[in-house]
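Model, not experiment: these values are computed from the prediction. Labels below follow one simple rule: chain letters A, B, ... track the order of the sequence lines, proteins then strands, and each chain is numbered from 1.
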Amino acid sequence: MELRYFVLRRVLLLIPTLAGLLILVFALFMSLPHSLLELSLFPGIPHNAALEEAQGAQILGLPYTLNGVYHPGLPLPLQFGKYVVRLFQGNWGYMTVPIYSGSVIGAITTFFPNTAQLVIIASILAIVISIPLGTFIGARPNTISDHVGRIFTFIGYAIPAFVLGTFLLAIFSKGGIIPIFPSANAFSASAIPNPPPSWMLSSGDLFITSPTHIVLVDSLLHGDLGLAWNTLMHTILPVLTLTYGLLAGIMRFIRAGMVDSARQEYVKTARSEGVPERIVIREHIRRNALIPTITVMGLIIASLLGGVVVVEEVFSYPGMGLLTVQAAVQTQVYGVLGTTLVFGLILVLANLIVDVIYALIDPRIRY
Amino acid sequence: MESPNLEKTMIQRKKHPKLQDYRFTLKLLGKNRLAAAGGVIVLVYFAIAVLDYVDPQYLQPYLNYILSGGSQAFYVPLGPGLSNGWAYIFGETEYNMPIFPYILAALKVDLTYTVFIVGSGALIGVVLGTISGYYGGYLDEVVMRITDIFFSVPTLVLALAIIFALQASSLLDIVYALIIIWWPTYARISRGQALSLKSMKYVEASTASGSSGLRNVFVHLMPNVLSPVMVQLSLDLGSVVGVFATLVFIGFMHLPNPYIPELGNIIVIGESEFTAVGAWWAVLFPGIFLFIFVIAVNLLGDGLRDVLDPKLRR
């Protein structure tokens, strides 16, 4: 099969997966008690059908009415259909949590870039560190450096993110032994110039930067080094916590793959042909060791996304994870459903990318 | 004259083949030192967890204390409980609660729930997975698509959402949520195993001699599905303890509750003091207990994988 057909087939397979995801979220939605649904639709207004919808929209200052958000009395499949239509219309409901108040879509567009910043930096760091280190220890099984590397990996694998995070926070943030890092938020409000420049949209105490919405990138693009440094300092501790777990997960598989593929016949052949050891390790062993690692990448990404929730909660970092937790704690139905859906979408897309990369690297699986 | 006796002893010595197999497995596991160490640590943890069920006099004074909400003047009662020195070996928390017995009580709660989660998850998953692998067709398709749905959301996020949907008010609700999340892993493993087993000659032979489908599933397939499930089960003990503690940590972070002995909750209680006055012990020691258990379970699981794999065996 050609690669593009493989990709096409894989993309088409997204449809049932996404349908499943929607059904799951809808099932969660339907299993909630009615009183809760009504409560979070119209905060502060007693329940009374049509009048409320108009009033609710007016009070919340919404661009459209809440008409059709919740349909008690309709048959389930119809309700599901209306729910899906509503999602595509961008009407995901409303939420009020300490870090945000307004539409769920707005919350996601505000906080998703912060999470992306954490996840991207942590992934790059983990890959940059784990591949050379995994190669190094995998090429020398059962030596001192291998044992040290394995212990390092095992600790990262076994230490729960919230324990590590709590420790880093208590030691390195304000009031700790070495207070060099700030303790909450994605950047300090004091680091933002007054009045805010034109590339920063502000609403209340929330800021959205353009063009990428990722503060670190945007501030660098516009040459605001002070804000970039401030953001970086806020990011370091959460990123370190995330990276360690991620790194350990990847390194474990690279090492196992290295040890496994070093035993293969083609490695012996390469060595007997006089290929330099450095090239044998790099080209013959490592390339094949990375394949099993890529197969488990989907699971690793899933645990990374779970880790984001914990890390953001521990460091009070305003991202999707903190939003999810706060929505759950404050019983914001639409907040919980929206963030769950977004996390699901990210994971589904990540799995798609992993599969395509896998097909690119290993032509065997396309046939 | 001697021969009947000899025959008798020989018959006695010849144990059931399954039993011999288990003994052989244990012997192999003992040879793998890391796995054996992991196994011993796991056993010690479970011994602590079971202790209170067997003889409540050791931990009960502390549990009563925790449940009563603590008091300023708390002295360990004399008698069979831990002595004062031992009880305070890891210091005390904000609520004047000695940490060591608090941890022991928490291990009981954590491990009981973890075993319950993993056990129920494995039971549901193995039964559903084996049946769907054996019968195939629409049933298989439906079960596998359902498991796909569960794998399309990160575990922790899904757990939070389900806990929310259940309107969780106690630890037991977290347990139910985790059971809902954990069975698909086992369903997938046992389905794959059942698929490869069902075309084996011994299953065909049993069908030919009149076994019903369900008999095949429960008598012939399930025992052979269990060995990869055992490996996953032992590894999952570690991840479930971690996820459970994490969920409790997240859930109680906004509302510390000293009445609940649970490792994640002890860390929540410890955290505020850690950041306020640098009292690291209430975070470190429960963390270490959690950490050691996860490591031990992983060592045991890795060892079990090597031992139970028929290709690597012998």
Toward chain A, the part of [X] with a non-hydrogen atom under 4.5 Å:
X	result
B:Leu158	side chain
B:Ile295	both
B:Ala245	both

CA sep, side-chain torsions, deciding dist, call: A:Arg252, B:Asn298, side chain to side chain contact (heavy atoms under 4.5 Å, CB included):
CA-CA 12 Å; A:Arg252 203 179 180 201; B:Asn298 271 292; 3.7 Å; yes
Say you draw a straight line from [atom1] of [X] to [atom2] of [Y]; how long is it, rounded to the nearest 0.5 Å?
X	Y	atom1	atom2	value
A:Leu337	B:Phe164	CG	CZ	7.0 Å
A:Ile159	B:Ile288	CD1	CD1	8.5 Å
A:Leu299	B:Phe151	CG	CZ	7.5 Å
A:Thr166	B:Leu284	OG1	CG	11.5 Å
B:Leu156	A:Phe343	CG	CZ	9.0 Å
A:Phe162	B:Ile267	CZ	CD1	4.0 Å

Considering only heavy atoms and a distance below 4.5 Å, find which of A:Gly306, A:Gly20, A:Ala158 pairs most often with chain B.
A:Ala158
Quick check for you: among B:Val294, B:Val157, B:Ile162, which has the greatest number of heavy-atom pairs under 4.5 Å with chain A?
B:Val157
Between chain A and each of B:Leu247, B:Leu290, B:Ile146, count heavy-atom pairs under 4.5 Å; write down the option with the most.
B:Leu290
Looking at side-chain heavy atoms only, is the closest gap between A:Val336 and B:Leu160 below 4.5 Å?
no
Under 6.0 Å from the OH atom of B:Tyr176, do we count more than 12 heavy atoms belonging to anything else shown?
no
Got a sec: does the CD1 of A:Ile144 have more than 12 other heavy atoms crowding it under 6.0 Å?
no
Please report the shortest heavy-atom distance between [X] and [Y], naming the atom on each side.
X	Y	result
A:Ala302	B:Pro154	O-CB, 3.6 Å
B:Phe249	A:Val314	CE2-CG2, 3.6 Å
A:Leu169	B:Glu271	CD2-OE2, 4.0 Å
A:Leu28	B:Ala161	CD1-CB, 3.6 Å

Show your working on side chain to side chain contact (heavy atoms under 4.5 Å, CB included) between B:Phe291 and A:Val163 and close with a plain yes or no.
CA-CA 9 Å; B:Phe291 171 71; A:Val163 176; over 6 Å; no
Should A:Leu347 and B:Val153 be marked as a side chain to side chain contact (heavy atoms under 4.5 Å, CB included) after you check the CA-CA gap, both sets of side-chain angles, and the distance that decides it?
CA-CA 6 Å; A:Leu347 186 57; B:Val153 181; 5.6 Å; no
Side chain from CB out, backbone as N, CA, C, O: work out which of these in A:Leu341 comes under 4.5 Å of a heavy atom of chain B, or both, or neither.
neither
